[in-house]
Trainee: 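Once you've had a glance at the structure underneath, I'll fire off some questions.
These numbers come from a predicted model, not from an experiment. By convention in this document, chain letters (A, B, ...) are assigned in the order of the sequence lines, proteins followed by strands, and residues within each chain are numbered from 1.
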2 protein chains.
Amino acid sequence: MRSPQHELPLLAALQACGQRPHSAFYTPGHKQGQGASEPLTALLGRAALQVDLPELPDLDNLFAPEGVIQQAQELAADAFGAERTWFLANGSTCGIEAAILATCLPGEKIILPRNAHQSAIAALILSGAVPIFVNPDYDARWEIAHSIAPAMVAQALEQHPDAKAVLMVYPTYYGVAGDVQAIAHLAHQHGIPLLVDEAHGAHFAFHPELPIAALRAGADLVVQSTHKVLGAMTQAAMLHVQGNRISRDRISRALQLVQSTSPSYVLLASLDAARQQMALNGHELMTQSLSLADTARTQLQQIPGLAVLDETLASSSPGFHALDRTRLTVDVTNLGLTGFAADEILHEQLGVTAELPSLHHLTFIISLGNTPQDIDRLIHAFCTLAKADSEFKIQNSKFKTQNSATPQPPSPSPQHLTPRDAFLAPSESVAIAQAPGRISAALVCPYPPGIPVLLPGEVITAEAVSYLQAVVALGGIVTGCGDALQTLEVVKYSATRLD
Amino acid sequence: MRSPQHELPLLAALQACGQRPHSAFYTPGHKQGQGASEPLTALLGRAALQVDLPELPDLDNLFAPEGVIQQAQELAADAFGAERTWFLANGSTCGIEAAILATCLPGEKIILPRNAHQSAIAALILSGAVPIFVNPDYDARWEIAHSIAPAMVAQALEQHPDAKAVLMVYPTYYGVAGDVQAIAHLAHQHGIPLLVDEAHGAHFAFHPELPIAALRAGADLVVQSTHKVLGAMTQAAMLHVQGNRISRDRISRALQLVQSTSPSYVLLASLDAARQQMALNGHELMTQSLSLADTARTQLQQIPGLAVLDETLASSSPGFHALDRTRLTVDVTNLGLTGFAADEILHEQLGVTAELPSLHHLTFIISLGNTPQDIDRLIHAFCTLAKADSEFKIQNSKFKTQNSATPQPPSPSPQHLTPRDAFLAPSESVAIAQAPGRISAALVCPYPPGIPVLLPGEVITAEAVSYLQAVVALGGIVTGCGDALQTLEVVKYSATRLD
């Protein structure tokens with residue numbers, strides 16, 4: 001018997017509606033492309049416009065699914081190992097927000113990594129939950145924050161037995177996977193759910209040589225950016241749930257708050273396609289991706305001056321349990337270039353575009369969309385870049401890495417207001433020199449290492465300001481501040497207490 | 001000199017990136033369609049996948065625009081008559097949410113129509129703002145709620161001088177435009193901004209025979225579903241601001257909370273295209289749409305048994321100032337059919353699909369995407385439907401309209417908790433008979449007339465329950481309840497006070 005995973009209930013229904021001859025007196029205004037402008041039709045093609053349809057009777061309703069969306073979500077739950085799955089048209093962002101809104105009431109505590117994605121901070125602001133931050137394991141050699149360590153989570157759970165949930169990022173942007181099984185076990189011992197931001201790990205369920213999928217490891221709720229590594233369109237994601245620690249009803253209700261009431265069927269149908277592709281061919285596709293990535297890794301490691309993040313670190317780091325080998329982080333410091341400079345050269349002159357440049361390294365995502373030709377070009381580009389006395393090094397001497405010592409991160413700032421209260425309070429912009437002693441209204445994060453120094457509601461210390469300035473002086477970047485760290489957004493004095 | 005409105009900064013940059021030969025090691029996983037599954041490629045075409053790109057250096061950043069997105073937004077501001085415009089990838093929903101988050105602190109009051117879109121209720125829940133509801137002008141003959149009347153807004157402003165904003169829906173789903181100029185004037189007399197949900201009115205700025213655009217009438221902040229009547233893709237929208245009553249900074253910060261950090265450039269570029277199309281050809285396109293709609297209106301009015309909502313009502317209704325003639329609402333009661341039944345027959349057998357069926361009527365949207373052939377088919381379909389003893393009336397006798405008197409809407413229920421507190425509180429499902437006296441956790445809305453009877457935080461009265469049951473008995477629909485009004489979601493007793 002043919003597996004039900006061959007079916008494409010949502011995609012097929014959308015295609016049928018798009019091909020059905022009829023006159024459309026509904027939204028969108030372009031009416032299957034009839035009224036789209038010539039430049040838009042040239043950009044996207046007629047096919048995509050023809051299926052840009054609204055919630056027609058045959059197309060079900062994302063917020064009360066009982067037809068093709070429900071069927072597509074059930075197939076996805078089965079393929080990804082969940083009991084229930086929701087399709088998301090507003091990215092993993094809305095999934096993380098719904099996860100926290102559905103598990104923590106205002107004022108309730110949630111344990112989460114200090115380097116959680118900004119969607120988790122947005123979730124704290126929307127929900128009014130109180131964060132209990134755990135510092136991630138930090139690798140000073142690579143200047144990379146890994147996962148939170150189980151021992152740190154255990155300590156936080158002991159100090160805060162009233163916490164309502166634990167959130168972890170699994171894997172990190174760099175493909176580093178923490179010990180999700182141990183952390184799930186700890187959360188469950190305390191009777192609370194583990195929520196997992198698996199935005200970068202939607203492929204894990206499909207190959208044993210990838211880190212274990214969070215659902216398989218016992219996570220209660222998992223959010224995946226199906227677009228990041230699988231075949232869905234950008235902004236399309238999924239939220240998965242299993243077990244009895246999460247109310248399905250509260251998830252459904254929370255998702256209604258953070259998604260458009262006119263969701264794009266182009267995005268939603270791409271989730272159906274991405275699920276079918278992986279359910280039928282996931283193992284083969286991941287075998288290919290792993291093979292391509294392994295080839296690249298081996299070859300790059302042989303180029304003098306390059307270092308590639310690998311699994312040998314796993315034994316010594318409590319936040320580095322396994323590595324997603326399809327992700328390559330390449331240190332270029334010994335080429336005499338910053339990661340930012342190398343990125344610019346690769347992108348503009350050598351036909352290779354990375355995902356994420358940082359001060360010392362660049363990260364490359366190898367997915368089911370990459371070909372052996374891509375890998376050849378990547379290796380060739382790095383060979384060119386690494387040639388002694390290459391024109392690039394000379395051209396880009398302005399980018400030369402400074403070899404000063406990395407500054408010491410500041411001690412955590414005291415939290416004076418919840419992120420929600422601070423974010424929603426009247427705020428003002430002050431010069432950096434005037435900032436110490438004030439309460440931050442913004443999330444301020446230096447790269448490297450990508451661990452926020454200030455969150456909304458935290459007191460700005462002189463130590464934090466010095467650290468941020470040191471990162472900038474070394475060539476790093478600070479987000480969440482004005483005019484390259486000239487100003488910081490702070491809560492007005494009149495609003496330091498909102499209640 | 002060629003107008004700058006010919007330019008397509010964002011669309012052109014996306015097209016150039018899509019055509020540039022390079023190897024992609026970034027998200028999305030399908031890498032310009034290289035790894036997309038065959039069914040997805042067949043559905044959307046290669047072109048759309050090729051430009052499904054992330055925030056590459058040349059493509060700017062939606063949350064800190066300083067390149068092609070900023071340029072595209074500036075052109076849009078100019079075309080729509082705003083001082084500043086934000087592109088939205090999560091629909092008008094996120095625009096309304098940001099508008100309220102940016103203008104009302106938790107506990108602050110906002111004046112808004114009882115029949116505001118559910119995104120406004122979501123905004124109340126996310127922000128913690130306190131709603132001061134104004135009942136919309138109600139047309140008992142058509143069973144349609146129009147706009148709020150200026151006199152009612154004036155009264156609410158006098159009773160609540162501490163209100164921080166007024167929100168109005170302009171036009172309604174039926175194309176009925178209230179007196180936005182008068183309401184803007186009232187809000188400004190009280191020193192507060194007027195926020196306008198102009199989701200269905202993005203075309204108003206481009207033709208003098210359409211109702212006046214809200215920005216032109218003095219609104220401070222306007223949210224438009226650029227996809228609903230113009231040429232953008234579903235889920236793409238815009239937020240416009242003018243004047244000094246709205247903090248641009250708070251809007252930008254609030255929008256970061258309610259949109260994906262991986263916004264779709266396919267959606268964003270379609271906004272650039274829709275703006276260019278209207279800036280260059282808007283008047284001509286709207287002349288065509290008006291002409292098509294006028295033809296349809298005239299012909300439909302001549303078919304015995306049909307009535308079409310028209311502007312003659314404007315003189316007698318304080319919430320009906322003008323009509324968007326491109327929207328046709330057709331009453332089918334005298335054909336012996338409900339609007340739901342007529343919709344089903346039109347869609348399934350006559351090749352015509354409406355936007356919105358209701359108990360007595362259906363609403364059709366005529367936009368720049370419609371052709372004279374569409375209008376012919378619409379008229380022909382209604383002629384067939386209206387034929388005496390047509391097979392449809394016999395087939396669908398089960399749908400026959402009941403001619404009982406429309407029930408009287410209940411008096412407003414007292415608000416015991418804010419929408420936020422009620423929505424976030426622990427809740428339970430109770431049988432409808434046990435519901436009176438409890439606090440609603442949900443938004444419960446009967447259609448017709450589309451005016452919510454219960455909002456989160458309001459006490460459920462016996463009168464409200466009887467009214468909802470009467471609407472269902474007449475063939476109407478109630479949203480926000482379980483199992484066809486068998487159950488209602490209520491706040492648990494333990495949580496009737498959260499503070």
Side-chain angles (χ1 to χ4, degrees), chain A residues 8 11 15 22-31 34-37 39-40 43-45 47-48 51-52 54 90-91 93 105-106 119 122 125-126 227-231 233-235 257-258 260-264 269-270 273 277 351-355 364-365 367-370 374 377-378 424, chain B residues 8 11 15 22-31 34-37 39-40 43-45 47-48 51-52 54 90-91 93 105-106 119 122 125-126 227-231 233-235 257-258 260-264 269-270 273 277 351-355 364-365 367-370 374 377-378 424:
Chain A
L8 288 160
L11 185 146
Q15 196 150 34
H22 70 288
S23 287
F25 295 98
Y26 47 74
T27 67
H30 66 66
K31 315 267 166 159
Q34 282 187 162
S37 72
L40 187 63
L43 181 77
L44 302 180
V51 295
D52 181 30
N90 189 27
T93 300
L105 298 178
S119 59
I125 292 165
L126 295 177
H227 62 94
K228 284 200 204 300
V229 278
L230 302 185
M233 298 282 283
T234 301
Q235 202 175 311
L257 300 178
V258 284
S260 172
T261 53
S262 303
S264 164
S270 79
Q277 180 179 36
V352 163
T353 305
E355 169 67 23
F364 300 84
I365 299 178
S367 75
L368 51 82
N370 285 112
D374 290 334
R377 205 189 290 203
L378 176 68
L424 294 178
Chain B
L8 287 161
L11 186 147
Q15 195 150 35
H22 69 288
S23 287
F25 295 97
Y26 47 75
T27 66
H30 65 68
K31 314 267 166 159
Q34 282 188 162
S37 73
L40 187 63
L43 180 78
L44 301 181
V51 295
D52 181 30
N90 189 27
T93 299
L105 298 178
S119 58
I125 292 166
L126 295 177
H227 63 94
K228 284 201 205 298
V229 279
L230 302 185
M233 298 282 283
T234 300
Q235 203 176 309
L257 300 178
V258 285
S260 172
T261 53
S262 303
S264 164
S270 80
Q277 180 179 35
V352 164
T353 305
E355 169 68 22
F364 300 84
I365 299 178
S367 75
L368 51 82
N370 285 112
D374 290 335
R377 205 188 289 205
L378 176 68
L424 294 179

Trainee: Taking A/Gln277 for the side chain and B/Gly35 for the main chain, is one N or O donor matched with an acceptor at less than 3.5 Å?
Mentor: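 Such a contact is found between A/Gln277 side chain and B/Gly35 backbone.
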Trainee: Under 4.5 Å heavy-atom distance to chain B, tell me which part of A/Leu8 shows up: side chain, backbone, both or neither.
Mentor: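 Looking at A/Leu8, just its side chain touches chain B.
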Trainee: Can a donor-acceptor pair be found, under 3.5 Å and without considering hydrogens, that links the side chain of A/Asn90 to the backbone of B/Asn90?
Mentor: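 Not confirmed, A/Asn90 side chain does not pair with B/Asn90 backbone.
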Trainee: Measuring heavy-atom distances to chain B, does A/Val229 have an atom under 4.5 Å in its side chain, in its backbone, in both, or in neither?
Mentor: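 The answer is the backbone of A/Val229.
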Trainee: Can you name the ring-ring contact (aromatic ring centres under 6.0 Å, His included) partners of A/Phe364, sequence neighbours left out?
Mentor: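 With sequence neighbours excluded, A/Phe364 shows a ring-ring contact (aromatic ring centres under 6.0 Å, His included) to A/Phe382, B/Phe25, given in chain and number order.
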Trainee: In terms of heavy-atom pairs under 4.5 Å, which option from B/Val352, B/Thr93, B/Asp52, B/Leu368 contacts chain A the most?
Mentor: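 Going by pairs under 4.5 Å, I would pick B/Asp52.
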Trainee: Against chain B, work out which of A/Ser270, A/Ser119, A/Ala47 has the most heavy-atom pairs shorter than 4.5 Å and name it.
Mentor: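 Going by pairs under 4.5 Å, I would pick A/Ala47.
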Trainee: What part of A/Thr27 is in contact with chain B, defined as an atom under 4.5 angstrom from a non-hydrogen atom: side chain, backbone, both or neither?
Mentor: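 Both backbone and side chain of A/Thr27 come within 4.5 Å of chain B.
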Trainee: Side chain to side chain contact (heavy atoms under 4.5 Å, CB included) with B/Gln34: which residues, sequence neighbours excluded?
Mentor: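 B/Gln34: side chain to side chain contact (heavy atoms under 4.5 Å, CB included) contacts with A/Thr371, A/Asp374, B/Lys31.
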Trainee: Please find the pair of heavy atoms, one from B/Pro28 and one from B/Pro54, that lie closest to each other, and give the distance.
Mentor: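 Answer, listing the atom of B/Pro28 first, then B/Pro54: CD-CD, 4.1 Å.
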Trainee: Hey, which of B/Leu11, B/Asn370, B/Val51 has the most heavy atom pairs under 4.5 Å with chain A?
Mentor: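 Option with the greatest count: B/Asn370.
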Trainee: Report the option among B/Ala269, B/Ala354, B/Ala122, B/Ser37 that has the most heavy-atom pairs separated by less than 4.5 Å from atoms of chain A.
Mentor: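 So the answer, after comparing B/Ala269, B/Ala354, B/Ala122, B/Ser37, is B/Ser37.
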Trainee: Looking at every heavy atom in both A/His22 and B/Arg377, which two are closest together, and how far apart are they?
Mentor: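 Taking A/His22 first and B/Arg377 second, the nearest heavy atoms are CA-NH1, 3.3 Å.
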Trainee: Would you confirm whether A/Gln235, through its side chain, and B/Ser264, through its main-chain N or O, come within 3.5 Å as a donor-acceptor pair?
Mentor: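 Answer holds: yes.
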Trainee: Measure distances from B/Thr261 to the heavy atoms of chain A and classify the residue's part below 4.5 Å as side chain, backbone, both or neither.
Mentor: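 For B/Thr261, the contact with chain A is made by backbone and side chain together.
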Trainee: Relative to chain A, which of B/Gly91, B/Ala48, B/Gly231 shows the most heavy atom pairs under 4.5 Å?
Mentor: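 When all of B/Gly91, B/Ala48, B/Gly231 are compared, B/Ala48 has the most.
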Trainee: Give the member of A/Ile125, A/Leu43, A/Leu230 that has the highest number of heavy-atom pairs under 4.5 Å with chain B.
Mentor: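 Sorted descending by pairs with chain B, the first entry is A/Leu43.
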Trainee: Between A/Pro263, A/Ala36, A/Gly45, which has the largest tally of heavy atom pairs under 4.5 Å with chain B?
Mentor: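 Most heavy-atom pairs under 4.5 Å with chain B: A/Pro263.
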Trainee: I'd like to check A/Leu126 versus A/Val258 (side-chain heavy atoms, cut-off strictly below 4.5 Å). Are they in contact?
Mentor: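 They are in contact (side-chain heavy atoms under 4.5 Å apart), so the answer is yes.
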